[in-house]
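All residue numbers in this chain count up from 1 along the given sequence.
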Amino acid sequence: MDILQGLAGGFTVALDPMNLLFVFIGVTIGTLIGLLPGLGPVATIALLLPLTFNLEPAPAIMMLAGIYYGSMYGGRIPAILLRLPGDASSVVTTFDGYPLAQQGRAGSALGITAIGSFLGGTVAIIGLTVLAPTLAQVAGGIGSPDMFALAGLGMLMIAFIGSGSKTKALAAAALGILVAVVGLDPVTADPRMTFGNFQLIAGVHIVAIAVGLFGIGEILHNAEGGFYAGLKKAGLSNVLPTRADWLTSRLAILRGSIIGFFIGIIPGGGGTISSVLAYGVERRFSKHPEKFGKGAIDGLAATETADNASSNSAFIPLLTLGIPPNPVLALIFGALLLHNITPGPGMIDERPDVFWGVIASMYIGNVMLIILNLPLIGLFVKLLRVRGAVMAPIILVVAVAGVYSVRNSMFDVGMCVAFGVVGYVLRKFNYDLGPFILGFILGPILEQHFRRSMALSDGSLGIFFDRPLPLIAMAVVVAGLVWYVVDRRRAAHRLAGRVAAETEPAPVDTSTRD
């Protein structure tokens, strides 16, 4: 009953006309910045943070929250249409979103992701409303051994998300991990692989790598083979998912919502891990796993649903424990402190207007986003009508400007161009780019939490066998490897049987002719 009363009070705050305006401003800005590769919610919220000081706390946090989950919606658009992820969590979206766009199904791809994002976000907000206190306590008890196990699961999925050779996928992931090592050691703060370059002490920025690999690398690849004509591939006959698309994706959306919700409440989890896990799980459930990486709409739906669900459920540890689970929530944590509000267990009693008002505004903002996005799908798809030769320089300028805007660094721009060349070379030799970027993201998580676990246990590996989550994760890893080996052997036996049947000589008719 207290939850219903609190939520009713939250809607009273959120439905105030001025607060509604700020929610609308937030989700609109979020969608727009999601369209701009390299900008992202971190840079935008950082720029707007000083401006919120003169606002009341409730509308200020509502607007910043709207920018965050709104950018999750917007980030799928360049990832699907142009294979240009706006942030790290949109990388997995490119795996099937871009092939669908090239097949003339950009409208269906954008439509199913908008619907999945809405449903995933709604499920997460309901879970936040009902289960926040209990789930926050559980999430607060998750330590480094558990995070190492989850990141290990994500690394396992890398072998299954590539559409080509598993060996090449793992090799690309290893290269990504090697690049992630550049910079300061996370424990001793000693420089690693900087070669005396002061700029490399901070490491290579994720935006420079993502935009270089997927943006500039794609432009170079297209320039060699000829840019797409565009006119025939941007049909507007179907700008919404078909009934068949919905039937194929409905369970993927359900599973993605659940995975995204639970990963989002874990400090350090976030959209990237939830997207990877949801994509890998969906591939194992799919009746047609061979389509993944080539235009599987259920894989796309699972990824985007999990991404948006995690962005909403990430508010649980922030609001109830005072633990920001990712950089964006860390900035919103700072905004709360600017207004003399300390997020944590006491926030529900001390500032119920902000606590419940933000939660209620997320229901409203989610509805605003689906209303804004679905009618504009046709406008987004029209981007493909423009010839590639015209779009390429525009994409290049926007990408480079986005990379520069993150840290105002020309060094980042240079790294972006360098990784564009790397992306082009990898494409030439048929390496998937996704495992590279995922290795770059997940590798440091593995290292950091493994070393913390070793420090906590004085170097004993027994710490991974004393907690239930690592044991479950290891069991899943072993089961996945066994399943993969068995599945490969079955496929080999089936292939051998077909070859034997095709090469077996036809029976000779020995009957006597009249």
Side-chain angles (χ1 to χ4, degrees), residues 1-30 41 44-45 48-49 51-73 118 121-136 261 264-265 308-309 311-325 328-372:
M1 199 65 180
D2 291 339
I3 292 176
L4 294 179
Q5 291 176 350
L7 190 60
F11 273 107
T12 301
V13 175
L15 290 174
D16 178 89
M18 187 58 65
N19 292 345
L20 276 177
L21 175 62
F22 279 103
V23 173
F24 179 77
I25 291 173
V27 297
T28 304
I29 292 176
T44 303
I45 291 177
L48 293 178
L49 200 57
L51 301 180
T52 63
F53 184 74
N54 293 322
L55 298 176
E56 291 295 321
I61 306 305
M62 290 176 188
M63 183 181 70
L64 296 179
I67 291 173
Y68 178 36
Y69 56 79
S71 68
M72 299 298 107
Y73 270 77
F118 171 76
T122 301
V123 168
I125 299 167
I126 293 173
L128 189 158
T129 304
V130 178
L131 303 175
T134 303
L135 289 177
F261 173 75
I265 66 175
N308 281 269
S311 69
N312 285 279
S313 64
F315 281 84
I316 291 177
L318 173 70
L319 296 179
T320 59
L321 286 179
I323 299 175
V328 179
L329 271 298
L331 291 174
I332 295 179
F333 180 92
L336 287 166
L337 295 180
L338 279 177
H339 291 277
N340 296 319
I341 299 175
T342 303
M347 184 177 173
I348 300 177
D349 298 324
E350 296 170 4
R351 293 304 301 264
D353 58 324
V354 177
F355 182 90
W356 291 109
V358 169
I359 293 176
S361 74
M362 294 167 79
Y363 285 98
I364 298 170
N366 216 26
V367 174
M368 286 181 177
L369 281 169
I370 195 71
I371 293 174
L372 281 172

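- Across every non-hydrogen atom of Pro59 and Asn19, the tightest pair is CB-OD1, 3.4 Å.
- Distance check: Thr28 OG1 to Met63 CE gives 11.5 Å after rounding to the nearest 0.5 Å.
- Using a 4.5 Å heavy-atom cutoff, the side chains of Leu336 and Val354 are in contact.
- At least one side-chain heavy atom of Tyr363 sits under 4.5 Å from a side-chain heavy atom of Ile126.
- Between atom CZ of residue Phe118 and atom CG of residue Leu369 there is a gap of 10.0 Å, rounded to the nearest 0.5 Å.
- Among all heavy-atom pairs drawn from Phe315 and Met362, the shortest one is CD1-CE, 3.6 Å.
- Put simply, CD1 on Ile316 and CZ on Phe261 are 4.0 Å apart, with the number rounded to the nearest 0.5 Å.
- Under the 4.5 Å side-chain criterion, counting only non-hydrogen atoms from C-beta, Met62 is not in contact with Phe22.
- Counting only residues at least two apart or on different chains, the salt bridge (charged side-chain N to carboxylate O under 4.0 Å, His left out) pairs with a member in residues 353-362 are Arg351-Asp353.
- The nearest pair of heavy atoms linking Ala58 to Val13 is CB-CG1, 4.1 Å.
- Shortest non-hydrogen contact noted between Ser313 and Ala124 is N-CB, 4.0 Å.
- Atoms CG and NE2, on Leu55 and His339 in that order, are 6.5 Å from each other to the nearest 0.5 Å.
- The two residues Ile61 and Val358 have their closest heavy-atom pair at CG2-CG2, 3.6 Å.
- More than 12 heavy atoms of other residues, nucleotides or ligands shown are found within 6.0 angstrom of CZ on Phe11.
- Nearest heavy-atom pair across Thr122 and Asn366 is OG1-ND2, 3.0 Å.
- Counting heavy atoms from C-beta outward, Ile341 and Phe355 have side chains that stay 4.5 Å or more apart.
- For the atom pair CD1 (Ile125) and CG (Asn312), the distance works out to 4.5 Å, reported to the nearest 0.5 Å.
- With rounding to the nearest 0.5 Å, the separation of CG in Leu337 from CD1 in Ile332 is 12.5 Å.
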